[in-house]
Amino acid sequence: MHQSAAFLFDLDGTLADTLPDIAASCNHARSRFGLPPLLTPQVRTFVGDGALALLRRALQPALPPDPARADALLADALAGYLAHHEGQCTVHARLYPGARDLLQRLAAAGHALGVVTNKPARFAGPILRVLGVERLLPVVVGGDTLPQRKPDPAPILHALRQLGGEASDATMVGDGVQDLRAGKAAGLRTIGCLYGYGEPAALRAEGADGWWSAFGVAAD
């Protein structure tokens, strides 16, 4: 394939295991509301739609029924979460096995590579830098880069414009239904990651052009 044959990757649960750091910041937010910490597997079910959606799910027991008051509390909780995550987001983050090698091989073969994540860009960049893959992934579109986030196709199309790629040649790789829906809506080939944070049954029901059981490892 030529240079415009782009590969776009989700971050959390696809390129890297970031769940311990997400859980730490989530539980920091819960502690401010007098809520006990959640176990990491439960936080895992809240991941995928951005920090505000994560907190809405994690803080549900403490939110008042009045929507305006709930939104005000969530705005305060989000500010606390983001402040905590500044120092937390790279503490435990680890690339999945095989990720660095495959990214290097794709880049060497001339593929354009980027990240499209619902995580705020202010965290995605430092994570990629600490993990040593920042130069391999020159385009990063975060959940706050545009007014829209996945499953809207706009972030994917924005990344492709920066990479100079065409949707008909590109592939979206992700572990959530948000990734698959956004990729399909943008006209990309999709690969569902069954090893990530999304429920495999939900991913299978959503459908994809291909499946990975581990990073870069094809599954039936």
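What's counted below: heavy atoms across the whole structure, side chains too, no hydrogens, waters or symmetry copies. All values derive from a computational prediction rather than experimental measurement.
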Other residues, nucleotides, ligands: >12 heavy atoms within 6.0 Å of [X] [atom1]:
| X | atom1 | result |
| --- | --- | --- |
| Glu134 | CD | yes |
| Arg122 | CZ | yes |
| Arg204 | CZ | yes |

Exercise for the section: Please assess Glu86 against Leu82 for the test side-chain contact (heavy atoms from CB on, under 4.5 Å), listing each intermediate value before the final yes or no. Expected result: CA-CA 6 Å; Glu86 288 279 4; Leu82 295 175; 5.9 Å; no
Practice task
Look at the side-chain heavy atoms of Ile, Leu, Val, Met, Phe, Trp and Tyr, link any pair under 4.5 Å apart, and say whether Trp212 and Leu194 land in one connected group.
Solution key: no
Are [X] and [Y] side-chain neighbours, meaning at least one heavy-atom pair lies under 4.5 Å?
| X | Y | result |
| --- | --- | --- |
| Leu8 | Leu160 | yes |
| Ile22 | Tyr81 | yes |
| Lys119 | His85 | yes |
| Val91 | Gln88 | yes |
| Thr145 | Pro155 | no |
| Phe123 | Leu11 | no |

Exercise for the section: Output the rest of the hydrophobic cluster of Leu39: all Ile, Leu, Val, Met, Phe, Trp and Tyr residues reachable through side-chain heavy-atom contacts under 4.5 Å, sorted by chain and number. Expected result: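 Reading the cluster by chain and number, Leu39 sits alone, since nothing else belongs.
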Practice task
Please assess Asp175 against Tyr195 for the test side-chain contact (heavy atoms from CB on, under 4.5 Å), listing each intermediate value before the final yes or no.
Solution key: CA-CA 7 Å; Asp175 70 310; Tyr195 58 85; 5.9 Å; no
Exercise for the section: Report the residue from Thr18, Asp10, Thr45 that forms a side-chain contact (heavy atoms from CB on, under 4.5 Å) with Tyr197. Expected result: Thr18
Problem - side-chain contact (heavy atoms from CB on, under 4.5 Å), paired with Val173, selected from Val116, Leu15, Thr14, Leu180 - result: Thr14
Handout entry: Gap between atom CG of Leu54 and atom CG of Leu59 - 0.5 Å precision
Key =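 The CG atom of Leu59 sits 8.5 Å away from the CG atom of Leu54.
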Practice task
Apply the test side-chain contact (heavy atoms from CB on, under 4.5 Å) to residues Asn27 and Arg30: give CA-CA distance (whole Å), side-chain angles for both, the deciding distance (0.1 Å), then the verdict.
Solution key: CA-CA 5 Å; Asn27 283 327; Arg30 279 176 60 90; 3.8 Å; yes
Exercise for the section: In sequence, state the C-alpha distance, the side-chain angles, and the governing distance for His92 and Asp17, and then conclude on side-chain contact (heavy atoms from CB on, under 4.5 Å). Expected result: CA-CA 8 Å; His92 300 294; Asp17 182 8; over 6 Å; no
Handout entry: By side chain to side chain donor-acceptor pair (under 3.5 Å) - contacts of Tyr96 (at least two apart)
Key =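 Tyr96 satisfies side chain to side chain donor-acceptor pair (under 3.5 Å) with no other residue.
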Problem - Candidates Arg181, Arg57, Arg149, Lys150 - the one meeting salt bridge (Lys or Arg N to Asp or Glu O under 4.0 Å) with Asp49 - result: Arg57
Exercise for the section: Locate the shortest heavy-atom distance separating Leu35 from Pro61; write the atom from each residue and the value. Expected result: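 Distance-wise, the nearest heavy atoms are CD2-CB, 4.3 Å.
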